[in-house]
Number of protein chains: 2
Amino acid sequence: MKPTAKQVAHEAGVSIAAVSRAFSPGSSIDPLKRQRILQVAAQLGYSSPARRTAEVISAGTVTLVAGDLANPFYPLVLDTLAKALQAVGRQLLVYAIPPQADMDQLTPQILAARPSALVVTSASLTSGMANACRQHGIRVVLLNRIQRNVRVNAVACDNHAGGRDAALFLLGRGRRRIGFIGGISNTSTHRDRAEGFSEALRESGHSVLAEGNGEFTYRGSYGAVLSLLTAKNRPDALFCCNDIMALAAIDAARELGLSAPEDLSIVGFDDIPMAGWRSYRLTTIRQPITRMISEVVGLIQASNTVPLDETTTSILPGKLIVRGSA
Amino acid sequence: MKPTAKQVAHEAGVSIAAVSRAFSPGSSIDPLKRQRILQVAAQLGYSSPARRTAEVISAGTVTLVAGDLANPFYPLVLDTLAKALQAVGRQLLVYAIPPQADMDQLTPQILAARPSALVVTSASLTSGMANACRQHGIRVVLLNRIQRNVRVNAVACDNHAGGRDAALFLLGRGRRRIGFIGGISNTSTHRDRAEGFSEALRESGHSVLAEGNGEFTYRGSYGAVLSLLTAKNRPDALFCCNDIMALAAIDAARELGLSAPEDLSIVGFDDIPMAGWRSYRLTTIRQPITRMISEVVGLIQASNTVPLDETTTSILPGKLIVRGSA
DNA sequence: TCATTGCGTGAAAAAATTTCATGGAGTCTG
DNA sequence: CAGACTCCATGAAATTTTTTCACGCAATGA
C-alpha cells in the first residue's frame, strides 16, 4: 500500500541504506545516486520519516527571500503577503538577506526547511538555486524580478510600461529637459523602467538629458540629484526609479530652494505610503501590490494541480497616481 | 553510549512505542504521559530521529514574531536582527502577523518549527504561549515590549526616561502648552512613554494640556493633531509616542499653515530613517537599535550556558537627537 | 442498561537508520 | 613511480524507531 524504502531501493537498484542516506542531508552518498533515488522516490510517492516530519513542520509555509528592507516598498510587500497567506491558512517565513549577500550561501538552509514555495524579491536568483528548488519540488516565484535565463514563475508590475507612462506624462506637462535617477543597474526593475522611459522619450523625438545613480536609496539619490540640479543644464523634470529616491529628489530640490512642481516635476515609482504624505504629495506609478500578491498566492496554491515545470509570468499594469509633485 | 528510546522507556516506565509517540506530534498519547516522557528524555539527552531532523532544520534559526510592519521602525529592527544573526551564523524566520491577530493561533505552528528562540515585537505575549515555549525549551525574548505578568527575557529602550527627556526638553525650550499624541494604550511602549512624559511635567509643576490618540499610525495621528491644533487652547508643543505620528503631526501642522519649530515644537520617538529626511528634521528620542539587537542576540546565544528560567530584562537608554522640529 | 465509539496502550511486526567492514579512487611520500 | 595512506561511498547486518494491531477502558447516547 504505502510505498517503503525497500520498494524504492529495489526500483532504483540500490540498497535500503542508500535510500535512507539519500534522505538524510549530510550523509555520505554520491550526489548523482542521491538524485536518482530521490527521483524514484518522488515517482513512487515515498518520503522517509524524517522527511515526513519536515513536511509536517513546513506544511503550508512559504519562504520569502527579501532584500532591501530599507525600501518601504518591501515591508509593504511582506505585510501584504503575510496577510494573504494567512487568509488561505498558510504561514510566512522570511529570510531577510543583506543586499550584497550571496543567495547561494543560503540555499542549503532554505532547502533544509523544505518550504512549499519560495518567493524571491531579493536581487537575483542563481540558476543553481533554481535547479535545486525544482529538484526538491519547491515552487519558486520571483516577485518584482524578471529573469530570462531561468525558468521560474514571476510576478511583476509592468515596469516597462510604467517607465513609458512616466515619460509621456512629463512630456505632456511640457517638460523637455528630463533627467533620470536610476537604481542598481543589473536589476530588472531598474532596467525595464529605464528602458521604457527612454524609449518613450526617444519615440517622441526627445532623449534623457541627464542621468544619476541613486542606488535605490534616499541618500544615494539625494546626492545624485544635488549634483544634477547644480550642473549647467539643469533638468526641469526627474523620473526616479523608485519612490524613496523620488522623495530624496524632492528634498534635494528643496535644499537648493527649488520646489516641485513649480521649478521641476518629479515622478517616482512604487507608491509607498510616504508618497501620499502631505509634505511630498508625490506623483508616482503605483504598483498593484494587492493584485501582485494575489497572483503570487495563486501560483503557490496551484502547487497541487499544475506541474512544477509549467511556469507563468504575470505582468500587471501599474497606475499613474497624479499628486502634486508633477 | 548514545541514549536510546529503550532506555527512556525503561526509565519512564512506559513502552518504547510510547516514547516514539511522545515525539511525534499529532499521535495518540496522553498529554501528561508525553510530558513525563519528554522530561525523562531531556534528562537523558535523548532525541528521536524525527526530532533530530527538526532540530537540524531549525538549528540556528530564530523566529521573529513581528506586528505593525507599517511602522518603519520594525522593518529596521527586522533588518538589523537579520544581519546580527547572520554574523553569528544564524538565520532569521519571520512570522508577520496582522496587528489584531491572536498570537495563540500561531502557537502550534511556531512550536512545530522548533526555533531555538523566539523574538516577539508584536503586541502581546500570552502566558499560555510563554509556558508552551518554556516547556519546549524555546527561549523567548520580548523586544521593545515589557510584560510584568510573564517571566521572559525582555529588551527595550528606556521608554520612561525617554518620555521624561522629551518633556524636559520641551520645557527647556520654553514650551508650556504641551500636548501628547499617544499610540495604543495597552502597549508598554505607549504606557511607559506617556507616564515618563507626564510625570516629568508634573514634577516641574506643569501638566499635559491635551491628549490625542494617534493609534501609532500616520493617518491616526494626522487626524488627532488636526483637531488638537484647531481646538480653542492650541498646544505650542507636541510629544508624539512614535516617529510616524510625529511626522504626521508636522504635516498636519503644515496643513494649518503652522510650522515647526516656529509655531510649535514637535518631538517624536524611535528615530526612523525618515526622521532625518530634509523635509522633517524631526527631533526625536533615538532607540539604540543596534545595542538592543546585540542584547537580543546575546540572550539567544546564551542558550547553552544560562538555564532557561533565568530571565533578564535589559533597559537601554535612548538618546535625544535634536534636529529642527523642536 | 447496553451497545457504540473513540482514545490510549503495549506487544509485535514492519520500516528506517546506523554501524561496520570492504573496496576503490585519489593523494602524498620516499 | 610504486607503495602507503586517507577519504569516502557502499551493502549487509545490527540496531533503533515507527507503525500496526488487538485490546481495554471510559465516555456518550439510545
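A, B, ... follow the sequence lines: proteins, then strands. Residue 1 opens every chain. For clarity, every value in this text was computed on a predicted model and none was experimentally measured.
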message: Tell me the interatomic distance from A/L32, atom CG, to D/dT10, atom C1', rounded to whole angstroms.
response: 15 Å

message: In whole Å, I'd like the distance from the CG atom of A/D30 to the P atom of D/dG11.
response: 11 Å

message: So A/V119 and A/I300, do their side chains get closer than 4.5 Å, heavy atoms only?
response: yes

field: Side chain of B/I16 - closest among D/dT18, D/dT16, D/dG11
entry: D/dT18

- prompt: Quick one: B/Q7 CD to D/dT15 P, roughly how many Å, whole number?
  reply: 14 Å

- request: Whole angstrom is fine here: how far is it from CZ in A/R36 over to P in D/dA9?
  value: 14 Å

task: Could you tell me whether B/S20 contacts a base, only the sugar-phosphate backbone, or nothing, with contacts defined as non-hydrogen atoms closer than 4.0 Å?
output: base

- request: Would you mind reporting whether B/L78 and A/L78 have side-chain heavy atoms less than 4.5 Å apart?
  value: yes

message: Between B/R139 and B/Q301 (side chain of the first, backbone of the second, donor and acceptor by atom type, cut-off under 3.5 Å), is there such a pair?
response: no

- prompt: How long is the line joining NE2 of A/H10 and C1' of C/dA15, in whole Å?
  reply: 17 Å

- request: Counting heavy atoms from C-beta on, name the nucleotide in D/dG11, C/dG10, D/dA9 closest to the side chain of A/A17.
  value: D/dG11

- prompt: Rounding to a whole Å, what distance do you find between B/R21:CZ and D/dT20:P?
  reply: 11 Å

query: Has A/K33 got a side-chain N or O lying under 4.0 Å from the OP1 or OP2 atom of D/dG11?
result: yes

query: Is the A/Y46-A/F23 ring centre distance short of 6.0 angstrom?
result: yes

field: Between C/dG6 (C1') and B/I29 (CD1): distance, integer Å
entry: 17 Å

query: Which of these nucleotides, D/dT17, D/dG11, D/dT10, is closest to any side-chain atom of B/T4?
result: D/dT17

field: Non-hydrogen side-chain atoms of A/Q39 and A/R36 separated by less than 4.5 Å
entry: no

field: Whole angstrom value for the distance that separates P of D/dT16 from OH of B/Y46
entry: 10 Å

task: Would you mind classifying the nucleic acid contact of B/A5 as base, sugar-phosphate or nothing, using non-hydrogen atoms under 4.0 angstrom?
output: sugar-phosphate

